Every structure is written in C-alpha cells, then in structure tokens.
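Presented below is the structure to which this report refers.
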Amino acid sequence: MVTEVFKTERDSYDILNKAARLLNDGALVAIPTETVYGLGANALNKDACLNIFKAKGRPSDNPLIVHIAEPSDAEKIAFTNHLYYLLADKFMPGPLTVILPKKAVIPSEVTAGLDSVAIRCPVHPVANALIKMAGIPIAAPSANSSGKPSPTTAQHVYDDMNGKIPLILDGGECDVGVESTVIKITDNEIVLLRPGAVTVNMLLEVCPNVSIAGAVKEELKSGETPLSPGMKYKHYAPTADLYLIDDKYINFIEFVKEKQKTESCAVMCYDEEIELLENKNLLPVGNRGDIKKQTKKLFILLREADKLGVDTVYAHLPSDEGESLAIYNRMIRACAHRVLGGINGKG
Ligand code: AMP
Ligand code: MG
C-alpha cells in the first residue's frame with residue numbers, strides 16, 4: 001500500500017474530504033492532535049478498528065480512545081453524568097480522556113471487551129474539523145508501532161506506518177507532546193489512570209475527590225490487574241538501555257562525564273548542562289524549569305536516541321509532581337524502572 005502524506009490545515013477542504021471519505025469507507029488515517037498523532041478509524045466499524053490493532057501490533061486487550069467533535073456527542077456512545085459536563089466545561093475540547101459506561105453502538109473490539117469507553121474531544125483544528133466532516137466518532141490510539149515512543153511529527157508516523165495505511169495528515173509538531181490525561185469517573189469521584197497536560201491540581205478545581213492509580217508511579221505487582229489495560233504493557237522504550245539518575249543523590253555531571261569516557265552512551269541533559277559535558281551524543285531536553293518544553297521534546301528525543309545507535313542513555317529522574325508527573329510516568333516506564341541513586345534506586 002502506498003502511504004500518502006499531505007500538509008493539512010483546518011481549511012484544507014480537499015484533503016480533509018479525502019480523509020473523511022477514507023474513514024467512512026473503513027480505512028485508517030493518521031491524524032495530528034494536540035497531544036500526539038492518532039491512528040484513526042470509524043469507531044462504529046468493528047473491522048476498521050481491528051485493522052488499527054494489526055497496523056500497530058497492539059495487543060487486542062488494550063482498548064482504544066474514541067474521539068468526538070463536541071462534548072455532547074458523548075451521549076451517542078456513553079452514559080454521561082454531571083461530573084462529565086463539569087469537566088467538559090473546563091477542559092474540552094482538549095487533552096483529557098474520560099472513561100464512562102459504554103452504549104451498545106460501540107463494538108466490544110474497540111473497548112477490548114470492557115463495559116466502559118474512553119472518550120476524548122481533541123482541540124487540534126485538523127482533528128476537530130475532520131471528526132466533524134466525517135460525521136462519525138473516530139477510534140484512535142497513538143499512531144506508533146506498539147512499544148515505540150508515541151509519534152509527535154508526521155515523519156515519526158511515516159517511520160512506523162509507511163506501507164500500512166493510505167494517508168497521513170501532516171499538521172506539524174504536536175503541541176503537548178505526550179498522550180492525553182486519562183481519568184475514570186463516577187458522579188463524584190475521579191481516578192487518574194494516565195497523567196497528561198491536564199494535571200491533578202487542575203482536576204481538583206472541578207472535583208475534590210481525585211485519586212491517582214498506583215500504576216501511574218509504581219511498577220504493577222506481578223499478578224495485579226491494572227485499572228487500565230495499557231498500564232501493563234512496556235511502553236515508550238528506546239532500543240538502548242535507559243537509566244534515570246536521581247540527582248538528589250548522585251552528581252549527574254560527574255557521573256555522566258565518567259560514563260562518556262568509557263561507554264557508548266547518549267545523555268538527555270538540561271540545556272544549562274550542555275557546556276559542562278563532553279559534546280558527544282547530547283540530547284538537551286530544555287531548561288531545568290521548562291516542563292512544557294521537556295514534555296514536548298520527550299518522545300522526539302527518545303526516538304533520536306535510537307537513531308544514535310548507542311548502548312545506553314542517561315537522563316535525570318523527573319519530578320513526580322505537578323506538570324512533571326506526565327514526564328515521570330513515561331520515563332519510568334521507558335527505563336523499565338531502572339533508577340540510579342536514592343530510595344528508589346536499583347543500581
Ligand atoms: P493510547 O490510545 O495508545 O493513547 O492508549 C489509550 C490508553 O487508554 C490505554 O492505556 C488504554 O488502556 C486506556 N483505556 C482506553 N479505554 C479504556 C477503558 N475503557 N478503561 C480503562 N482504560 C482504558
Ligand atoms: Mg499509545
């Protein structure tokens with residue numbers, strides 16, 4: 001299959017039309033969103049959705065997020081509640097996914113047999129315009145091969161999906177850079193399943209009852225059933241061994257300088273550390289305090305680390321608070337919980 005790539009904006013009617021037709025015909029289309037690129041299919045078409053799992057090599061027990069154009073479109077596919085609309089008022093359209101009891105119109109293949117469905121209303125103008133134009137809900141996980149870092153540029157999607165899908169819409173680099181915040185809700189309670197740009201503090205402004213699922217920060221215990229199937233899969237892993245250094249306990253610069261002398265390694269360092277390290281295989285993540293930029297660059301740099309062909313990658317252990325929790329959650333899984341130094345240290 002030939003994979004076409006088109007630069008696309010909200011008013012690229014011909015291209016959006018083509019994409020909407022493909023989706024209605026049961027084909028897969030890669031779509032830019034504000035978080036990462038999605039691999040979209042008609043959420044009401046079981047066979048189209050099964051092709052998402054095939055193209056990604058995604059385990060069939062890991063459910064898909066269903067994308068809608070307006071918060072109220074959730075009524076067609078799920079049983080909403082009061083809290084859903086409070087959240088929608090504040091964060092939709094935007095990088096928040098809400099899990100609700102599903103209606104029968106969503107095939108069980110989309111939700112991996114669960115009786116709930118994950119719903120998101122993207123704010124990206126291309127994604128939003130396309131869902132409206134297609135007139136159907138769009139099931140879309142991240143458009144990477146399973147296990148690889150999520151794609152944040154059309155080139156990343158092309159690297160993973162060339163020959164497997166007919167169309168990639170190129171909307172430039174994604175704004176946020178990590179996947180949406182995923183929450184499960186009842187009438188008066190929120191459980192955070194995956195941290196993203198909508199933070200715990202932001203959720204607390206809407207509902208005082210917010211808890212964080214254990215697997216967001218910790219390894220799943222063997223035999224434990226996760227609240228979200230995606231939690232149990234190795235994710236975002238670069239080919240090289242990634243180690244996180246807890247710089248409260250280890251002098252990052254001294255430690256890494258030694259490694260640079262003896263190992264084939266790359267270093268994800270803060271911009272202000274570039275001058276202090278040997279200028280070899282450095283992957284600057286942004287300034288120490290610039291969490292937005294660090295989030296945006298995270299998956300780009302993990303993919304670049306792979307291209308360098310090094311044996312190991314060293315990076316700072318990110319803070320697990322505030323906006324940084326999303327980076328912490330992705331990095332801790334990318335390194336398979338290999339943290340050097342400190343109470344969590346295993347090295
Ligand atoms: P991705 O589509 O790759 O961004 O991943 C979507 C994430 O949402 C995965 O971790 C899924 O396990 C999770 N998810 C989707 N639907 C549900 C659901 N109904 N219940 C719990 N987790 C879900
Ligand atoms: Mg994914």
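Please read these numbers as outputs of a predicted model, since none were measured by experiment. Counting starts at 1 for both ligands and their atoms, following the listed order.
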Pair Y270 + F252: ring centers closer than 6.0 Å: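 Centroid separation for Y270 and F252: 6.0 Å or greater.
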Ligand 1 contact on R194 by region, counting heavy-atom pairs under 4.0 Å: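 The answer is the side chain of R194.
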Side-chain heavy atoms of K148 within contact of K56, under 4.5 Å: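 Sidechains of K56 and K148: no contact.
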Validation row: N128, R10 side chains within 4.5 angstrom (heavy atoms):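 No, every pair of side-chain atoms sits at 4.5 Å or beyond.
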With heavy atoms of [X] as the reference, note each atom of ligand 1 found under 4.0 Å away.
X    : result
I65  : 6 (C)
L227 : 21 (C)
L114 : 18 (C), 19 (N), 20 (N)
S116 : 18 (C), 19 (N), 20 (N)

Polar proximity ligand 1 side, R58 side, N/O cut 3.5 Å exclusive: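 Indeed, backbone or side chain, R58 has an N or O that close.
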D11 atom CG: more than 12 heavy-atom contacts under 6.0 Å: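 Buried by this count: over 12 neighbours within 6.0 Å.
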S142 near the Mg ion (ligand 2): N/O/S under 2.8 Å: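 Yes.
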CD-NZ distance between E205 and K90, expressed to the nearest 0.5 angstrom: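 Output value for this atom pair is 4.5 Å.
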Candidate with minimal heavy-atom separation from atom 20 (N) of ligand 1, of L100, N62, I99: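 Residue with the shortest heavy-atom distance to the ligand atom: I99.
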Nearest option to atom 13 (C) of ligand 1, as decided by whichever heavy atom of A140, G38, S228 sits closest: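 It is S228 whose heavy atom sits nearest to atom 13 (C) of ligand 1.
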Nearest non-hydrogen partners of P141 and L64, listed with the distance: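 Scanning both residues completely, I find the closest heavy atoms to be CG-CD2, 3.8 Å.
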T199 and N201 side chains, donor-acceptor separation under 3.5 Å: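 There is no such pair between these side chains.
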